Chemist: 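Sharing a structure below in structure tokens format, with a few things to ask.
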Amino acid sequence: PEWAHGKWSNCFTTIFSLFPLISMQRKAILAAKPTVKEAISKVCTDLHPQSMVISDLGCSFGANTLLFVSDAITTIGENPNNTIGERPKEIQFFLNDLPGNDFNNIFQSLEQFEQSTTKNCTSRGLQPPPHYVVGLPGSFYTRLFPCNNVHLFHSSMSLMWLSQDPENLDGIMNEANIHIGLTTPPLVTKLYQNQFKKDFSRFLKMRCKEIVPGGRMVLTMLGRNSTDVFSAGGTTMAFELLSQGLQTLVAEDCVEKEKLDSFNLPLYCPSVDELKELVWQNELLDITDIRLFEINGNPNGGSDQSAEDAAAAPVIIHGAAAAEAAGKTISTSLRAVKEPLIASHFGESILDKLFAVFARYFTNCIESEVEKSPVPVITLSLQPKH
Ligand SMILES: C[S@@+](CC[C@H](N)C(=O)[O-])C[C@H]1O[C@@H](n2cnc3c(N)ncnc32)[C@H](O)[C@@H]1O
């Protein structure tokens with residue numbers, strides 16, 4: 001399908017520009033860091049792999065995947081109090097994304113990454129094991145590795161993306177919404193849920209074949225903090241504002257209503273209970289940890305918070321000027337990234353207007369109620385049953 005050949009790849013990045021893209025995802029990686037460290041230590045103590053294989057699924061092309069790689073190398077290099085015993089002698093990293101991903105950008109960053117990792121480790125008296133980084137194009141909803149091959153699977157902010165639009169949605173109206181909105185019919189919500197169940201179950205089934213016995217998975221994704229499907233915090237807010245922007249363009253005859261009604265983002269934010277149930281149904285995995293945290297959604301916020309800071313601090317944007325700046329930041333970052341999804345569905349001519357309207361709505365939304373827009377994120381740590 002077109003999906004698996006990268007049509008959507010830039011769209012993911014673009015939609016996430018609705019939030020402060022890099023910083024939001026970076027905060028998720030920082031917040032999940034203790035869980036990742038724990039999983040790596042366990043793999044090392046339980047299995048003592050000589051050559052350790054680690055894969056980051058949905059790596060994208062930015063610095064975040066290298067942040068994960070660096071954390072993994074440092075964890076193994078640190079070996080605190082010799083807790084992981086004999087360390088792996090080498091590590092191989094497979095960075096996976098859809099074929100349309102800009103892997104070159106990662107590859108071109110590797111030399112500098114190596115220099116800074118070596119410097120960082122040396123300054124702390126650490127001996128990082130030799131490591132090798134490989135790009136792995138392909139959908140994580142398909143098989144990516146031979147059987148019993150991978151010691152640690154990691155994925156951050158990628159698994160909420162569905163493999164396709166919800167099945168059987170064609171012809172069913174989700175009027176004026178682009179996702180699960182307040183006025184979305186229950187049947188459409190059900191189809192979204194069914195697609196997520198199908199995709200996530202398939203993902204687990206594939207990874208269970210590829211992971212070595214005793215290996216681990218740490219999966220972080222956008223989620224919800226209640227059973228209410230319309231409760232994904234900042235995620236819901238951003239999609240609502242984008243769909244309001246599109247409705248305005250329909251009212252001004254810039255967009256055909258049918259075009260808006262037939263546009264659905266292939267994304268689903270699960271709850272903790274939904275994830276638990278899907279893991280139980282899979283029957284081959286134990287949940288070693290599952291936690292929900294909220295990341296603040298400040299578009300002008302810094303990106304270097306600690307895990308603790310990243311997890312909870314609410315955002316308060318004071319005053320009209322700050323609100324306008326936040327709206328502009330969002331709009332600018334939206335414009336800075338190519339927008340193939342919106343352009344290919346609605347045509348390029350609407351882009352200027354849509355982003356301007358979106359920025360205004362975002363600003364108004366913040367101004368009207370000293371906005372708090374935390375984004376719920378779930379980290380799930382899994383281990384194959386013996
Ligand atoms: C929001 S980005 C997250 C990137 C990165 N993990 C980070 O934390 O910055 C989501 C990534 O998932 C990738 N993705 C979505 N569906 C995928 C699939 N079926 N297989 C592989 N990658 C996928 C997208 O191409 C995109 O690069």
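Keep in mind it's a predicted model, so treat the numbers as computed, not measured. For ligands, and for the atoms within them, numbers begin at 1 and follow the listed sequence.
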Chemist: Please tell me whether Asn264 and Asn174 have a donor and an acceptor in their side chains that are separated by less than 3.5 angstrom.
Modeler: yes
Chemist: Nearest heavy-atom pair of Cys59 and Phe103: which atoms, and what distance?
Modeler: SG-CE2, 4.1 Å
Chemist: Is the distance from the ring center of Tyr268 to that of Phe200 below 6.0 Å?
Modeler: no
Chemist: Ignoring hydrogens and geometry, is there a side-chain-to-backbone donor-acceptor pair from Asn105 to Phe61 under 3.5 Å?
Modeler: yes
Chemist: Which ligand 1 atoms, with their elements, are less than 4.0 angstrom from a heavy-atom of Met157?
Modeler: 1 (C), 2 (S), 3 (C), 10 (C)
Chemist: Same cluster for Val375 and Ile290 if Ile/Leu/Val/Met/Phe/Trp/Tyr side chains link at under 4.5 Å?
Modeler: yes
Chemist: Looking only at non-hydrogen atoms, find the nearest pair between Thr379 and Ala32 and report the distance.
Modeler: OG1-CB, 3.7 Å
Chemist: Considering the heavy atoms of Asn96, write down every atom of ligand 1 situated less than 4.0 Å from one of them.
Modeler: 21 (C)
Chemist: Counting both backbone and side chain atoms, is some N or O of Ile29 under 3.5 Å from an N or O of ligand 1?
Modeler: no
Chemist: Go through ligand 1 atom by atom and flag the ones less than 4.0 Å from a non-hydrogen atom of Tyr141.
Modeler: 19 (N)
Chemist: So between Ser158, Ala28, Ser163, whose heavy atom ends up nearest atom 11 (C) of ligand 1?
Modeler: Ser158
Chemist: Has Cys59 got any heavy atom lying under 4.0 angstrom from an atom of ligand 1?
Modeler: yes
Chemist: Hey, do the aromatic rings of Tyr132 and Phe93 have their centres closer than 6.0 Å?
Modeler: no
Chemist: Give yes if a backbone or side-chain nitrogen or oxygen of Asp97 is under 3.5 Å from a nitrogen or oxygen of ligand 1, and no if not.
Modeler: yes
Chemist: Pairs of nitrogen or oxygen atoms closer than 3.5 Å, one from Gln25 and one from ligand 1: do any exist?
Modeler: yes
Chemist: Do any nitrogen or oxygen atoms of Asp56 come within less than 3.5 Å of a nitrogen or oxygen of ligand 1?
Modeler: no
Chemist: May I ask you to list the atoms of ligand 1 that are less than 4.0 angstrom from any heavy atom of Gly138?
Modeler: 20 (N), 21 (C)
